[in-house]
Amino acid sequence: MSLMAMLSLVISSTLVYSAPLIFTSIGGTFSERGGVVNVGLEGIMGMGAFASIVFNLTFANTFGAATPWLGLVAGAFVGVIFSLLHAVATVTLRADHIISGTVINLMAPALGVFLIKVLYGKGQTAPISQDFGYASVPGLSHIPILGQLFFAKTSGPAWLAIFVAILSWYIIFKTKFGLRLRSVGENPQAADTLGLNVAKLRYSGVMISGLLGGIGGAVVAQSISLNYSASTIVGQGFMAMAAMIFGRWNPLGALGASLFFGLSQSLAVVGAQLPGLKSVPSIWLQIAPYVFTIIVLAFFFGKTRAPKADGVNYIKAA
Amino acid sequence: MAAQKNSFSVALFSVLFGLIIGAVIMLIFGYNPISGYTALLGSAFGSTQDIGSVLTQMTPLILTALGFTVAQTAGFFNIGLSGQALAGWVGAVWYALSFPNMPVYLMLPSALIIGAGLGALAGAIPGWLRAQFGASEVIVTIMMNYILLFLGNNILQNTMSKGIKVSAETTKQVGANASLQMKWLTDLTQGSSISAGIFISVFMIFVVWFVMKKTTLGFEIRAVGLNSDAAKYAGMSAKRNAVIAMAISGGLAGLAGTIEGLGNYLNFFTQNGSPSIGFDGMAVALLGGGSYLGVLAAAAIFSVLKIGGLGMPMSSGVPFELVDIVTASIIFFVGASYLIKLIQKRVKAMDDKAARASQDKKAVKAAADSNKNSKGGE
């Protein structure tokens with residue numbers, strides 16, 4: 001295999017595996033910047049995957065090649081609805097964030113498979129006919145070498161995800177909404193005193209995480225698993241959470257961490273085709289993202305970096 | 001006393017609301033909820049084999065729930081129970097298969113200790129990382145679940161020798177020297193996979209209660225969980241207690257995994273995801289409200305739901321996943337207990353209003369009674 005072919009294989013598969021992590025980890029960033037811990041990302045992704053597959057199977061003939069992109073919208077929509085459960089529980093009903101997130105994670109696969117059985121009479125769907133596959137970015141793919149590596153036969157959702165990451169960084173750090181969201185995550189009492197609606201801002205943080213988590217799940221379903229079953233989303237949501245922490249609650253950091261985790265995942269899959277990596281047992285590549293997260297968390301950041309009121313319910317004085 | 005009564009009613013209402021949500025979902029999708037729940041009860045209590053299955057299901061849940069409770073007492077949220085259970089399961093089965101000729105009185109105790117020890121180790125690591133570096137145990141245990149899952153599967157597929165496997169994905173069954181199953185129990189329950197594990201579990205409820213409530217160690221763990229600064233001023237080591245509490249927690253989960261391996265399945269096979277006994281045990285502990293008898297009752301409820309759910313598709317057509325939805329809903333209401341307390345408060349306020357009128361009557365009557373009594377005394 002030539003060096004070019006090897007590099008382009010690694011890059012394109014890294015982008016495929018990173019895309020869902022980028023979307024979801026940025027979703028988690030919005031939620032936690034607003035002060036709501038979201039361990040339910042895994043469940044939200046599951047519902048996004050479920051919705052996109054059902055949409056894709058139903059409308060593939062109507063929309064043709066545009067179906068997977070519309071599937072993202074379906075995933076995002078269901079993701080938002082499902083995340084409302086977490087928002088209601090944590091913000092309005094003052095539930096413990098981790099318990100509520102765990103409920104989301106327990107609920108999603110059960111609900112998804114239940115509905116699949118109701119709709120199709122079996123525990124997993126047929127494979128979809130319209131998936132993301134590999135596409136070339138028009139124009140950019142003609143750049144010599146770089147174009148071939150990064151923009152030819154690449155993953156469309158990954159480039160959308162990178163764009164979303166930059167946009168999210170701008171929203172969180174440069175807009176009024178972002179400043180307000182961060183302030184309710186750091187010190188809800190002070191924010192409340194200044195006249196901000198803490199509950200509303202926290203709801204929007206969680207709902208954005210539902211939107212992006214749903215898209216993340218839809219990307220997994222329509223570019224990697226290509227059908228829906230209980231095992232479509234196993235761990236990607238938790239890995240996205242790790243990426244969020246690894247990226248220090250910053251969308252660009254989350255982007256970097258997701259790309260790194262995506263590389264590690266893709267090497268576990270395509271590593272066998274690459275000379276040099278053949279001898280590394282794939283188990284090390286499989287567990288690498290998790291081990292790195294623990295190391296980084298323990299030895300570099302400690303607990304101080306999370307938004308100060310992350311996971312703390314704000315009970316307004318009557 | 002008042003607090004405990006309250007949490008009992010929260011648990012009761014949560015189960016009720018969870019079942020109602022299940023019924024509503026069945027109605028929406030065109031199933032008959034009554035026949036659905038009848039089928040559930042029928043397949044949980046229909047025969048002694050079903051009851052045996054319910055008890056088999058309860059066994060690990062009691063242990064993982066105890067593990068969660070111990071960690072929670074020390075102020076930890078141990079989401080890593082499933083990984084810790086898996087460590088015990090793989091380790092104990094591997095050990096048992098490696099020494100097929102060891103006599104049973106040596107094999108069983110040592111296998112149980114090894115399984116529990118591996119779980120304890122897997123629990124102690126996040127405890128130490130939190131105590132030493134302040135790393136969130138929630139994240140570390142979630143990460144460790146995946147590390148242990150991949151390692152467990154890898155050990156099975158690549159490290160274990162071919163001689164102890166029937167295929168790349170499944171080990172052989174452990175020998176009679178390592179099996180926790182007992183002939184009279186198996187016969188009594190018409191061949192269910194119940195084992196002596198259920199006795200170990202129930203005994204551990206007592207042991208954990210004793211350690212946590214009656215020993216210095218338990219007192220220190222509770223003190224650290226309530227206020228680690230105050231505990232430090234009183235001369236207790238928050239770090240040491242954190243690690244010990246998480247090790248006990250993980251050890252109980254490891255024991256649960258060991259009993260799954262040596263009592264229920266008698267082998268180990270490739271896992272697609274972390275064993276569900278971890279998260280289910282957490283659900284049991286949350287429903288049990290941290291009380292030791294509550295854990296037993298909650299484990300029974302969830303096991304009846306799980307085993308009963310298996311029979312639902314056959315006789316009423318309702319997909320099995322419905323019971324998982326019910327379980328998740330129950331925990332939702334436990335978590336959002338504020339909702340139930342709010343409803344109770346409203347109802348109580350209305351009751352109070354209504355009661356006030358009749359209370360006045362009663363007061364008058366009581367006064368009259370006491371008048372009579374005092375007259376009798378004269």
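To find a chain, count down the sequence lines: A is the first, B the second, and so on, and within it residues start at 1. Values below: every heavy atom of this structure, side chains too, minus hydrogens, waters and symmetry copies. Given the structure is predicted, the values throughout are model-derived calculations rather than measurements.
- With respect to chain B, the highest number of heavy-atom pairs below 4.5 Å among A:N105, A:V234, A:I98, A:T102 belongs to A:I98.
- Look at A:R33 and A:D310 and you find no salt bridge, because none of the NZ, NE, NH1 or NH2 atoms lies under 4.0 Å from a carboxylate O.
- Residue with the most contacts toward chain B among A:V118, A:I283, A:D96, A:L106: A:I283 (heavy-atom pairs, distance under 4.5 Å).
- Using a 4.5 Å cut-off between heavy atoms, B:I142 touches chain A through its side chain atoms alone.
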Verdict with reasoning, A:F238 to A:Y290, per ring pair (Phe, Tyr, Trp, His ring centres under 6.0 Å)
CA-CA 9 Å; A:F238 288 124; A:Y290 307 108; 9.3 Å; no
Candidate pair A:N313 and A:H97, rule side chain to side chain donor-acceptor pair (under 3.5 Å), full reasoning
CA-CA 8 Å; A:N313 285 330; A:H97 297 194; 2.6 Å; yes
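- Interface check for chain B: of the options A:T92, A:V291, A:V39, the most heavy-atom pairs under 4.5 Å are formed by A:V291.
- In this structure, no portion of A:S231 lies under 4.5 Å from any heavy atom of chain B.
- Residues B:F68 and B:F77 place their aromatic rings such that the two centres sit under 6.0 Å apart.
- For the set B:N272, B:I139, B:L149, the count of heavy-atom pairs under 4.5 angstrom toward chain A peaks at B:I139.
- The candidate from B:N145, B:V318, B:N154, B:N153 with the greatest count of non-hydrogen atom pairs under 4.5 Å with chain A is B:N154.
- Residue B:V138 touches chain A through its side chain alone, counting heavy-atom pairs closer than 4.5 Å.
- With a 4.5 Å cut-off on non-hydrogen atoms, A:M241 touches chain B through its side chain but not through its backbone.
- Using modelled atom types, one finds a donor on one side chain and an acceptor on the other under 3.5 Å when comparing B:S249 with B:N78.
- Heavy-atom distances place no part of A:V88 under 4.5 Å from chain B, backbone and side chain included.
- Ring centers of A:F114 and B:F320: at least 6.0 Å apart, outside the cut-off.
- Of the atoms belonging to A:L115, it is side-chain heavy atoms, and not backbone ones, that fall under 4.5 Å from chain B.
- Both the backbone and the side chain of B:L339 have a heavy atom closer than 4.5 Å to some heavy atom of chain A.
- Using modelled atom types and a 3.5 Å distance limit, the side chains of B:S274 and B:Y146 yield no donor-acceptor pair.
- When the shell of 6.0 Å around CD of A:Q189 is examined, it contains 12 or fewer heavy atoms from other residues, nucleotides or ligands.
- Neither the backbone nor the side chain of A:T90 comes within less than 4.5 Å of any heavy atom of chain B.
- The contact between B:F29 and chain A is made entirely by side chain atoms (from C-beta outward), counting heavy-atom distances below 4.5 Å.
- Within the 4.5 angstrom heavy-atom criterion, atoms from both the backbone and the side chain of B:I147 approach chain A.
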Let's go through A:L263 and A:Y17 carefully: what are the C-alpha distance in whole Å and the side-chain angles of both, what is the deciding distance for side-chain contact (heavy atoms from CB on, under 4.5 Å) to 0.1 Å, and is it a yes or a no?
CA-CA 8 Å; A:L263 173 69; A:Y17 283 99; over 6 Å; no
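- Remark: B:F13 CZ is loosely packed, at most 12 non-hydrogen atoms of other residues, nucleotides or ligands lying under 6.0 Å away.
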